[in-house]
Amino acid sequence: MLEVKSQGYSVIIGDDSITHLNNFLIENKQYSNYFIIVDENTVEHCLPTLLTNIDCLSKAEVIQTESGEENKTIEIVTQVWYAMSDAHADRKALVINLGGGVISDMGGFIASTYKRGVDFLNVATTLLSQVDASVGGKLGIDLGGLKNQVGVFNFPQMVVIYPPFLSTLEFRQLRSGFAEVLKHALIQDANYWEKVKNIEVTTDYDWNEIIEQSVQIKNKVVLEDPTEQGLRKILNFGHTIGHAIETWHLENDPNFFLHGEAIAIGMIAEGYLSNQKTGLSEAELNEMVDVLRRVYDLKPIPPEKFEAYCDLMIHDKKNSDGKISCSLLTKIGNCKWDVFANKDDLLNALEYYNKTVA
Ligand SMILES: NC(=O)c1ccc[n+]([C@@H]2O[C@H](COP(=O)([O-])OP(=O)(O)OC[C@H]3O[C@@H](n4cnc5c(N)ncnc54)[C@H](O)[C@@H]3O)[C@@H](O)[C@H]2O)c1
Ligand SMILES: [Zn+2]
């Protein structure tokens, strides 16, 4: 088991992390009741493991939501608030988010606002949430198709990462999470890149070490800059363009791209911008593009969509005056933030993407 200390809470990683959660609940008797937020997949594949190993959860209320980014909305939040209220959840309730990034972002937001805030913890069940989303305190929901438009920073009591949960995850979901792993290596650690660039993404792969290393990278960054005044922006590499693509498709054809799939495209396009603006060498650009092409089924995007993506970027909450703030690589393992791009730069980057995957 590895314990990574974050802002006032620990991230517990390993096959005995569920035992650790059991001990935490035995030691923390102040909770009046437990509310486990699940979706239709985690209720089936993950909840039984919690209930068989943690006796005190037998009295927990299980609140089921529907999976998917299109359900990370205020409507679902309201349903869960009602479910908690109807079950007389008081300020000593503990919310347990059992799921991927959608459940931890939304469940954390629900807990942080219900009765002005009750405690919560995350039991992360997807690779994406185990390596990234469950750690760092960014919580929230989408609004009218705009990603993470409403939210807060707040911290869980604990993050529990039980790698065996990954055995039931669909391949596409696993591969989506792997995009954040590649991102961590590209922005912070050239040695880690040497390791991850050769990984064959399969359920059989032993993910423990990767989860440990990625959590440590993300945690180090968020501890240095919890509220994203500077350094934390490097975690947005690939996300300026990637989020715009994800957002557009969410509105127009949900599930077309999973989060990590859109970020993989974003990393290629922003890799190109890194080569143009921050000195990423041609050789390193080609190397990262080759890895992303090997892992993901990348196809050209009809160029008539580029305008719509650009509009979304121009109106993104992080940007102003038509200037788009990007985090770009200077080399593999190093990333610079607050580098500005204009619309032409973005169009060129998207064209580069199309050319490389054609
Ligand atoms: N807060 C942050 O710092 C942060 C960072 C990165 C991403 N995110 C957010 O995370 C979200 C994406 O997270 P995600 O990819 O985990 O999505 P998700 O929560 O939708 O999970 C993906 C799918 O896997 C299913 N699933 C979950 N665990 C399973 C298991 N063990 N076995 C079988 N199926 C399982 C879910 O039901 C869902 O269908 C996005 O909304 C993104 O914005 C947040
Ligand atoms: Zn991401």
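Remember, it's 1-based here, ligands and their atoms both numbered in the order they're listed.
Salt-bridge check for Asp290 with Lys197: failed, with every basic side-chain N at 4.0 Å or more from each acidic carboxylate O. Salt bridge present: Asp132 and Lys183 bring a charged side-chain N and a carboxylate O closer than 4.0 Å.
Side chains of Asn348 and Tyr272: a donor-acceptor N/O pair is absent below 3.5 angstrom, by distance only.
Of the options Phe165, Phe153, Phe109, the smallest heavy-atom separation from atom 31 (N) of ligand 1 is shown by Phe165. Within the set Asn41, Leu169, Val222, the minimum heavy-atom distance to atom 29 (C) of ligand 1 is found for Leu169. Across the listed options Gln173, Lys183, Glu44, Glu69, Gln173 owns the non-hydrogen atom lying nearest to atom 23 (C) of ligand 1.
Side-chain atoms of Asp105 do not come within 3.5 Å of backbone N or O of Leu139 as any donor-acceptor pair.
Here's the thing with Thr126: one of its N/O atoms is less than 3.5 angstrom from an N/O atom of ligand 1. Geometrically, ligand 1 and Val102 share a nitrogen or oxygen pair separated by less than 3.5 Å. Between Lys147 and ligand 1, an N or O atom pair is found at a separation short of 3.5 Å. Below 3.5 Å of separation, one finds no N or O of Arg232 facing any N or O of ligand 1. Geometrically, ligand 1 and Gly99 share no nitrogen or oxygen pair separated by less than 3.5 Å. The distance criterion of under 3.5 Å between nitrogen or oxygen atoms is met by Thr168 with respect to ligand 1. On a distance-only criterion, Glu170 and ligand 1 share no N/O pair closer than 3.5 Å. Between Lys138 and ligand 1, at least one N/O pair is under 3.5 Å apart. Between Asp39 and ligand 1, at least one N/O pair is under 3.5 Å apart.
Within the 4.0 Å heavy-atom cutoff, Gly136 does not count among the residues contacting ligand 1. Proximity of Glu70 to ligand 1 is not established, as no heavy-atom distance is less than 4.0 Å.
Draw a line from the Zn ion (ligand 2) to NE2 of His239 and another to OE2 of Glu180, and the angle between them is 130° (to 10°).
Protein heavy atom in closest approach to atom 38 (C) of ligand 1: Ser67 CB, 3.9 Å.
Interface of Glu180 with ligand 1, defined as ligand atoms under 4.0 Å from a residue heavy atom, comprises 6 (C). Close approach of ligand 1 to Asp105 (heavy-atom distance below 4.0 Å) involves ligand atoms 1 (N), 2 (C), 8 (N), 9 (C), 44 (C).
Taking the six-membered ring for Trp and thresholds of 30 and 60 degrees, His249 and Tyr309 have ring planes inclined between 30 and 60 degrees apart.
Lys323 forms a cation-pi arrangement with Phe340, by the criterion of a distance under 6.0 Å to the ring centre and an angle within 45° of the ring axis.
When all heavy atoms are compared, the tightest approach of Glu40 to Val43 is O-CG1, 3.3 Å.
Cluster annotation: Phe35 and Val38 are assigned to distinct hydrophobic clusters (Ile/Leu/Val/Met/Phe/Trp/Tyr, side-chain heavy-atom contacts under 4.5 Å, transitive).
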